[in-house]
> 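Handing you a structure now.
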Amino acid sequence: MNAPPPEVVDQLVHANRILYDQGVVDGLGHVSVRDPRKADAFLLSCNRAPGLVRRQDIVSYDFEGNAVSETSERPYLERFIHAEIYRARPDVLAVVHSHSPSVIPFASTKQPLRPVFHMSGFLGGGSAHFEIRESGGDTDMLISSSYLGQALAKSLGAHTCVLMRGHGSTVVGASLQQAVYRAVYAEVNAKLQMAAMGIGAVTFLSEEEARLSSSTNDGQIERSWDLWIKRLAPLDLGG
Ligand code: MN
């Protein structure tokens with residue numbers, strides 16, 4: 001395979017840094033994009049904290065989780081999240097997995113995230129819920145096999161976001177920018193939804209309001225993306 005397009009690699013490095021800067025990921029969590037050269041592969045960093053990812057860390061993996069580009073670096077244990085979602089959802093071009101804290105109480109209580117404001121219209125169908133015990137029994141909670149990845153992808157179904165009980169969440173998008181946007185606003189929505197539920201009965205966006213606002217906001221994501229990049233210190237994107 002030829003090298004992946006440098007602009008896609010740079011976007012993925014930026015996506016990693018943005019998610020760290022926005023507080024969605026910390027030392028853990030990861031973001032991937034479908035390999036533009038090969039629909040049954042995806043680009044993901046090697047086992048590196050997202051805030052430290054450089055160009056040379058980006059590896060192409062197949063759906064079995066094996067590296068198909070040259071690397072001697074360890075992979076993320078949970079690369080099967082990405083592999084099995086890309087396999088199950090041809091419409092998905094990017095995936096973000098995180099442990100962003102505000103979604104955890106929703107995952108624990110099986111309470112779906114629903115859109116409290118227009119920025120999170122992508123949650124219009126509600127978030128999906130994943131219970132790892134149903135397929136894995138007692139585990140370390142990580143999606144560390146194709147089998148568990150398949151169970152997660154099945155729970156995600158056609159949704160944009162799946163909450164993983166006792167663990168975190170995974171969001172998908174039709175572009176890297178959209179998936180990053182959704183990861184940022186899933187966390188924001190969780191905070192606001194929790195605040196609203198503490199005050200009283202919440203009026204969420206209707207499914208149609210959610211669909212319309214999501215569609216309008218999709219045309220504006222570039223504006224946020226440019227701002228998020230500007231906030232980062234000048235990047236040494238690596239060699
Ligand atoms: Mn995880």
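Position 1 is the first residue of the sequence; numbering continues from there. For ligands, and for the atoms within them, numbers begin at 1 and follow the listed sequence.
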> Between Y86 and S32, is a side-chain hydrogen bond (donor to acceptor under 3.5 Å, both in side chains) present by the stated rule, with each step listed?
CA-CA 10 Å; Y86 288 122; S32 69; 2.7 Å; yes
> Taking all non-hydrogen atoms of both residues into account, name the closest pair between R114 and G126 and its distance.
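Shortest heavy-atom separation between R114 and G126 comes out as CG-CA, 4.4 Å.
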> In terms of side-chain heavy atoms, does Q178 have a donor or acceptor partner in D218 at a distance below 3.5 Å?
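Yes, D218 and Q178 have a side-chain donor paired with an acceptor closer than 3.5 Å.
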> According to a 4.5 Å side-chain heavy-atom criterion applied to Ile, Leu, Val, Met, Phe, Trp and Tyr, with indirect links allowed, do V8 and V53 form part of one hydrophobic cluster?
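V8 clusters together with V53.
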> Angle between ring planes, H97 versus H167, binned at 30° and 60°: parallel, tilted or perpendicular?
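Taking H167 first and then H97, their aromatic rings stand perpendicular (interplane angle over 60°).
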> Measure across L148 and L142 and return the closest heavy-atom pair with its distance rounded to 0.1 Å.
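Smallest heavy-atom distance, with atoms named: CD1-O, 3.6 Å.
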> Below 2.8 Å of the Mn ion (ligand 1), tally up the protein N/O/S atoms for me.
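Count of protein N, O, S atoms less than 2.8 Å from the Mn ion (ligand 1): 4.
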